[in-house]
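Bear in mind the structure is a predicted one, so any value in this text is a computation, not a measurement. Below, chains carry the letters A, B, ... as their sequence lines are ordered, and counting in each starts from 1.
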There are 2 protein chains.
Amino acid sequence: MRKIGIEDIDDIALGSSLLGSGGGGDPYMGRLEAIAAIKEHGPVTLLDVDEVPDEWTVAPICGVGAPSVSLEKGTNGIEYPKVRAMMERMLGKKLDAFLLSEAGGMNSMVPISAAARAGMPLINADGMGRAFPGIQQDTFSLNGVSTNPFVIADEKGNCTVLYTINNDWTEEIGREITSASGGQVTTLASPMTGKKMKTSVVVGTVDYAQKLGRIIRTASNQDNPEEYFLRESGAYRFFKGKIADVLRETREGFNFGKAVLEGIGEDKGSQAVVEFQNENIYAEVDGVIAATVPDLICMVDSATFVPVTTENLKYGKRVLVVALPCDPAWRTPGGLELAGPRWFGLDVDYRPLEECYAEHMARKAAQKKEA
Amino acid sequence: MRKIGIEDIDDIALGSSLLGSGGGGDPYMGRLEAIAAIKEHGPVTLLDVDEVPDEWTVAPICGVGAPSVSLEKGTNGIEYPKVRAMMERMLGKKLDAFLLSEAGGMNSMVPISAAARAGMPLINADGMGRAFPGIQQDTFSLNGVSTNPFVIADEKGNCTVLYTINNDWTEEIGREITSASGGQVTTLASPMTGKKMKTSVVVGTVDYAQKLGRIIRTASNQDNPEEYFLRESGAYRFFKGKIADVLRETREGFNFGKAVLEGIGEDKGSQAVVEFQNENIYAEVDGVIAATVPDLICMVDSATFVPVTTENLKYGKRVLVVALPCDPAWRTPGGLELAGPRWFGLDVDYRPLEECYAEHMARKAAQKKEA
């Protein structure tokens, strides 16, 4: 158990933003809200998974929508008590703690704000170990936890409760409600016992995010910042380039698109493409697959290593394309069915990032030898 | 108080279909369901409005969606107990009676099926005196009744509860849920006391529908069927023609479109156009407005006077274009704001059907004199 104070927020937001894999929302708004909430209500108690009593009732809270919308349309605070009151009404009992639904810039902050405002503890865990676009793409679904009741509130005051026959239908219907509400809502769903939670989460997310955030924040002070960032974070470096083109479309409640990058430095003459659906889902270098979902594909500023979320991709920006291995749960057959490349409509089989990276490095070595 | 038995169903369905103004759903499926429900559970008790105790809790039940979808995707029966159980759970008390949300082929039948299956009385009243496409376009809204909680169930088993800040938002969000569920759902909403109901409904809808149905059914046996149908129903006759063209589009959960008619008989050489959004919303003859919402515009078979719903418009069909005055509530400023031509995007002011008809007849007389 520890406390999350204002001094912890920046690193958690920064590191979560890397885990967000381009999605999970820009941390800017969420960070301001979390700081305001802690200022008003005091630090948040963070419980490790094994500190949570088995008989507790816990649930993940988050924002759902197109990240680009959340840049302009924030929460207004009424959503948190609203979703909590409705959840407790439907369950007929009190909630004991929140957890994170995903690791992402915004969705690491929403649970902190909500926990601070409710005076409720937060659990050091999430349901993805990264961010995914689909509501049902979490380790709760993977472990048989129903989203019911799925409670949605928007900033206007509308509140909806969904009881679906399976979590895919929650995505179908929940996404439409999100669009109708203007593209960004707050949800509280998938209530479960402390016991069920312990076997249905990615453990230690807040700690991991904070550690990554600290690495990013301090990298620039090192002798060799890039080398330090990569070594300490464990990120695999695939490409350094300048964003030459960004195609972007908001439809069906998602941000779709791709970025084309022209190589700089040691990658001069090469080209990379990164495709996204809220999150980065696919990366290739010179036409060869570098990484796909469910592994984490991230673009970070080439000088500061600050993650660049998909809604912040801009022509001319210099970035590193890096990747981090996903939680092992996503590499199981069930995990790949729920969040593998084919779920996203990509016509490729999943290959672990580490394999792709080894081949990538071998090709680079061969090219160097040739030249 | 009276009983609705199987022998009453056909006339109620037929007459409601006329009140549906082209919408409210094709009565075919609803009729079969209502007959099956009464066969299994016995006749339904129909209460007149003044027989309902003030302290009762009553609510309108209906189908929502694009009528063309309901031709292929019916209810499966699980919706009725589901929406009722959820409504009673949210209210913390039992419902005492259903009423009709609108008069329409399908939506006159859904409440009869639901009442039969629940063993609950039905109130002889509805919230429109016709059918309208918008969820919020009813006399309940007009009289300040909130749709909350708006309960939706689909035939798959998904169930949603909506608490909105106003009834316009119920339409916005409810419509998207309807689309996500495949375009056709069952709803139970706008719970109110018996007392509030008495000042918030169009009275006597089931009786009126049954009377109109009997007129249609027996017209063909009369010496002058058309004259009989018009006189007994009180419908204003604007045009007789053959459907020459139908444009139709299903989008945003609605059927949009228009029918072009070429005159036959005394209207030979003239042309009429009828536009619809689920319901007929506008009719013109030779470029002059004949009638608009909220008055009831109906096309009926020129030989049998059976109403032709918008999803059943077909090239070559011979129809009469007739109109009936709407309930006086819709001619008030509030009524016109909620269901007048401008709500539907038509750039015309509302004029009562009776005025348009007088001018129409004067023009016809002048033309006849000229010829």
Item to check | Beyond-backbone contact of A:E176 with B:R175, side-chain heavy atoms, under 4.5 angstrom | outcome: no
Item to check | B:K196 atom NZ: more than 12 heavy-atom contacts under 6.0 Å | outcome: yes
Checklist outcome for this item: Test side-chain contact (heavy atoms from CB on, under 4.5 Å), reference B:L162, set A:I152, A:T160, A:N158, output is A:T160
Item to check | Closest-packed option against chain A by number of heavy-atom pairs under 4.5 Å, given B:V161, B:I173, B:I177, B:N148 | outcome: B:V161
Checklist outcome for this item: Tightest non-hydrogen contact, residues A:M90 and B:R89, listed as O-NH2, 2.5 Å
Next on the checklist: For chain B, which candidate among A:V151, A:T164, A:I165 shows the most heavy-atom pairs at distances under 4.5 Å?
Outcome noted: A:I165
Checklist entry - Is it the side chain or the backbone of A:M86 that comes within 4.5 Å of chain B heavy atoms, both, or neither? => result side chain
